[in-house]
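For reference, the structure discussed in these notes is given below.
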Amino acid sequence: MAFVTLSVLEGLERGRIYEDLATPVSIGREEDNLIQLNDERVSRIHAKMQEDRGEVILTDLNSTNGSRVNGHPVQLRVLQPGDHVQIGRCTLLYGSDAQIAEHARELGVEVASLTPLSHIADPSLSGSSDSGVEFHLANDFQPENLRMPLFPGGPPVLPQHLEPGQRARVSDVLAYIHERMRDVSFEGLQSEQNGADAVIEVPWQNWQNMLQLQRDLAAYLQKIANPE
């Protein structure tokens with residue numbers, strides 16, 4: 001069983017800290033949820049957090065308006081300390097102060113780079129955890145406009161302890177992606193213009209292959225999130 005901490009950065013419950021909640025944790029508009037968010041854009045039972053092999057997984061429960069992590073729509077996501085979870089108009093910061101600080105240390109970055117919204121000084125929009133550490137919000141912050149890297153710490157790690165058949169399938173999927181992207185990068189031609197404004201031209205057929213790859217990846221993500 002894992003324990004999670006969530007700080008409400010934006011929403012009617014702004015400033016509230018949910019500390020050390022035992023998984024699974026349900027999030028939604030109904031009172032029966034461990035975390036109740038009073039927002040008409042939040043579904044009655046919107047999402048859940050559960051533990052699997054030491055990792056905390058966020059799952060969107062086919063909500064009407066979806067769930068986002070760091071501004072990106074997700075159905076299934078392994079959460080990392082410092083992630084911003086957006087549900088409706090509400091934004092929740094995942095992780096305790098100690099967890100976020102430790103994750104930042106492992107990545108070799110400043111804490112502020114993982115939690116930019118909680119390090120903008122504005123005393124009028126502040127809250128604090130039981131540990132006394134304060135967080136602040138910007139006056140012009142809008143949850144739907146938040147855009148951070150989906151994986152600020154770099155690429156996700158590969159799953160461990162897979163069966164031989166599962167390893168082969170993962171390898172096949174990654175090889176398929178690698179091949180399609182390789183074709184685009186090899187065939188691309190840089191324009192005569194140099195510098196940051198330079199343009200890479202890609203043959204039409206290769207660009208169509210890239211669009212098909214995006215379509216296939218979207219289908220993979222859908223099947224993984226909804227195996228039924």
When you check the gap from the basic side-chain N to the acidic O, do E40 and R29 get nearer than 4.0 Å? no

Any I87 side-chain heavy atom under 4.5 Å of R68 side chain: no

Is there a donor-acceptor contact under 3.5 Å linking the side chains of D183 and N209? no

Could you tell me if the side chain of V85 sits less than 4.5 Å from the side chain of T91, heavy atoms only? no

Taking only residues at least two apart or on different chains, which pairs with a member in residues 46-60 satisfy side-chain hydrogen bond (donor to acceptor under 3.5 Å, both in side chains)? H46-S63, H46-S67, K48-Q50, D60-S63, D60-S67

Pairwise side-chain contact, V78 with V56, heavy-atom cut-off 4.5 Å (strictly under): no

Which atom pairs, one a donor and one an acceptor, fall under 3.5 Å between side chains of residues 153-174 and the rest of the protein, sequence neighbours left out?
residue : atom : partner : partner atom : Å
Q160    : NE2  : L158    : O            : 3.1
Q166    : OE1  : E163    : N            : 2.9
R167    : NH1  : L162    : O            : 3.0

Which heavy atom of S26 sits nearest to which heavy atom of D32, and what is that distance? OG-O, 4.3 Å

Indicate yes or no: at least one non-hydrogen side-chain atom of Y94 is less than 4.5 angstrom from one of L6. yes

Test Y18 against every option in V8, T5, L34, V25 by the side-chain contact (heavy atoms from CB on, under 4.5 Å) rule and name the one that passes. V8

Ion pair present between E13 and R16, side-chain N to carboxylate O less than 4.0 angstrom? no

Using side-chain heavy atoms (C-beta onward) and a distance below 4.5 Å, is L76 in contact with L58? no

